[in-house]
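Comments concern the structure below.
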Amino acid sequence: MSAADTTTPAKVPPPRQAPPPAVAGAPRAKKKRTPGTAAAPWVLLAPCLLILVLVLGYPMVRLVTLSFEKFGQSQLWGFQPAESVGFDNFQGVLSDGEFWQVVLRTVLFAGGAVVFTMVVGMLIALLLQRVSGWVKTLINIVLVASWGMPIIVATTVFKWLFDSDYGVFNALLSKLPGVDMIGHNWFASGTQGLSVIMLLVVWGAVPFVVITLSAGLTQVPAELEEAARLDGAGSWGVFRHVTLPILKPIIVMLTTLSVIWDMGVFPQVFVMRGGHPEAEFQLLTTYSYDRAFVVNDYAQGSAIAVLTVLLLLGVVAVYMRQMLQIGEVE
């Protein structure tokens, strides 16, 4: 008898059967949710939502109701009851030529601040990608320190820098050949004064933009940049066709936030002008404040604030539309 006859044949496992193909249109089995699973997120969000309603909801409702009433010092002290006047406050504001001058000034101010902030922030973020590690760390520390400086302190420093008698900026400019800026008052005209305030706003906003864009630049694949260079693209071509499209969602977000913040600039103007901004320095926020607390017409001041909120809601609507379009493309 041979060895082949005495060897026990190995058992071969039966072949596995493939699962039956899914029938088109067949309903999928739904996952069973335990009771209370759907309500758990709302329970966790309830404290935050309650705080938002108390902190933001009530003031906003009160602001809207005031804008439809006659409310001055007499009503504030209780000598007369508040009277409903419908849209008279809005009609008075919208028919005032000074209001439209303030709107135009605010839009130009915010637009210029946003453009300078985004351009300077992008340039610094791109430069940070080309420096050594310790230089990048040092610059980030400086950016965070300047970003964390209180607005009142930063405004006071800028007020000293551009002082007509002791300002460092005038002294530095006067060292240039043929330039004499000693004693020059930057706040003698609204254009120059608002330019100084705009520089202050840009200085405070650039650190956040730089840090956010620097984080976004780390997500740009180096392979795509190298491929673009091999195809003959220069530095501008790589930035335009590779870097910029990837950073577009971040840029849209930063631009929208910058518009909202710069449209709401108040302490920089208020402190820089000693608590009494002149007519050529008035923005929507300071104009609403003056109408409410200087003229003591709280109803009209509330109407200006409501119109400002509506203007900002238009900016938010454009932002949401852009983000939805970016989501559809992705």
Side-chain angles (χ1 to χ4, degrees), residues 41-111 113-114 151-152 201 256-271 273 275-279 281-321 323:
W42 294 103
V43 173
L44 296 175
L45 287 174
C48 181
L49 294 177
L50 180 61
I51 294 175
L52 288 177
V53 169
L54 294 177
V55 176
L56 300 178
Y58 174 76
M60 184 60 66
V61 172
R62 185 56 179 156
L63 180 71
V64 173
T65 55
L66 275 178
S67 64
F68 290 98
E69 295 177 349
K70 180 182 178 181
F71 200 94
Q73 273 192 327
S74 300
Q75 289 77 16
L76 178 66
W77 295 105
F79 298 129
Q80 294 180 1
E83 302 176 8
S84 177
V85 294
F87 289 92
D88 290 351
N89 291 322
F90 292 95
Q91 184 178 358
V93 171
L94 295 175
S95 61
D96 187 3
E98 184 181 1
F99 170 75
W100 292 109
Q101 292 179 2
V102 173
V103 171
L104 179 60
R105 188 182 301 117
T106 304
V107 171
L108 293 177
F109 177 87
V114 170
I151 296 178
I152 303 300
V201 173
T256 306
L257 291 176
S258 298
V259 170
I260 295 174
W261 292 337
D262 295 344
M263 288 282 289
V265 166
F266 177 82
Q268 292 90 334
V269 181
F270 191 80
V271 175
R273 301 313 304 141
H276 302 283
E278 297 84 349
F281 287 90
Q282 292 286 358
L283 302 179
L284 279 172
T285 51
T286 57
Y287 186 63
S288 174
Y289 175 86
D290 278 1
R291 285 303 178 110
F293 299 102
V294 177
V295 185
N296 294 322
D297 192 346
Y298 305 102
Q300 199 168 64
S302 300
I304 297 172
V306 170
L307 292 174
T308 305
V309 172
L310 293 177
L311 185 61
L312 292 178
L313 286 178
V315 177
V316 174
V318 174
Y319 164 71
M320 295 301 298
R321 183 172 178 271
M323 294 305 295

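Every heavy atom of this structure was used, including side-chain atoms; hydrogens, water molecules and symmetry mates were not. In this text, all values refer to a predicted model and were calculated from it rather than measured experimentally.
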### Query
Within 45° of the six-membered ring axis of Tyr289 and under 6.0 Å from that ring's centre, is NZ or CZ of Arg273 located there?
no
### Query
Going from CG on Asp88 to CD on Glu69, what distance comes out if it is rounded to the nearest 0.5 angstrom?
12.5 Å
### Query
Nearest 0.5 Å, what's the OG1-CG distance between Thr256 and Leu312?
11.5 Å
### Query
Atom CZ in Phe270, atom CG in Asp290: separation rounded to 0.5 Å?
8.0 Å
### Query
After noting the C-alpha distance and the side-chain angles of Asn89 and Phe68, does the key distance pass the side-chain contact (heavy atoms from CB on, under 4.5 Å) rule?
CA-CA 7 Å; Asn89 291 322; Phe68 290 98; 5.8 Å; no
### Message
Checking the side chain of Ser288 only, and the main-chain atoms of Thr285 only, is there a donor and an acceptor separated by less than 3.5 Å?
### Response
no
### Query
More than 12 heavy atoms of other residues, nucleotides or ligands under 6.0 Å from CD of Gln80: is that the case?
yes
### Query
What pair of heavy atoms forms the shortest contact from Val269 to Phe281, and how long is it?
CG1-O, 3.5 Å
### Task
Please check if the side chain of Thr65 supplies one atom and the backbone of Val61 the other of a donor-acceptor pair under 3.5 Å.
yes
### Message
Are Thr308 and Thr106 packed together at the side-chain level, in the sense that at least one heavy-atom pair is separated by less than 4.5 angstrom?
### Response
no
#### Entry: Leu63 side chain near Pro59 side chain, heavy-atom distance below 4.5 Å
no
#### Entry: Leu283 to Val102 - nearest heavy-atom pair and separation
C-CG1, 3.4 Å
### Message
Walk me through whether Ile151 and Val271 qualify under side-chain contact (heavy atoms from CB on, under 4.5 Å).
### Response
CA-CA 10 Å; Ile151 296 178; Val271 175; over 6 Å; no
### Task
Working to the nearest 0.5 Å, report the span between CG of Leu50 and CG of Leu54.
4.5 Å
### Message
Rounded at 0.5 Å granularity, tell me how far CZ in Phe90 sits from CD1 in Ile304.
### Response
10.0 Å
### Message
To the nearest 0.5 Å, what is the distance between NE2 on His276 and CD on Glu278?
### Response
10.0 Å
#### Entry: Check: Gln282 side chain, Pro277 main-chain N or O, donor-acceptor pair, under 3.5 Å
yes
### Query
Are any of the side-chain heavy atoms of Asp96 and Gln300 separated by less than 4.5 Å?
no
### Task
Taking Ser302 for its side chain and Tyr298 for its backbone only, find out whether a donor-acceptor pair lies under 3.5 Å.
yes
### Query
Can you check whether Val306 reaches Leu66 side chain to side chain, under 4.5 Å on heavy atoms?
no
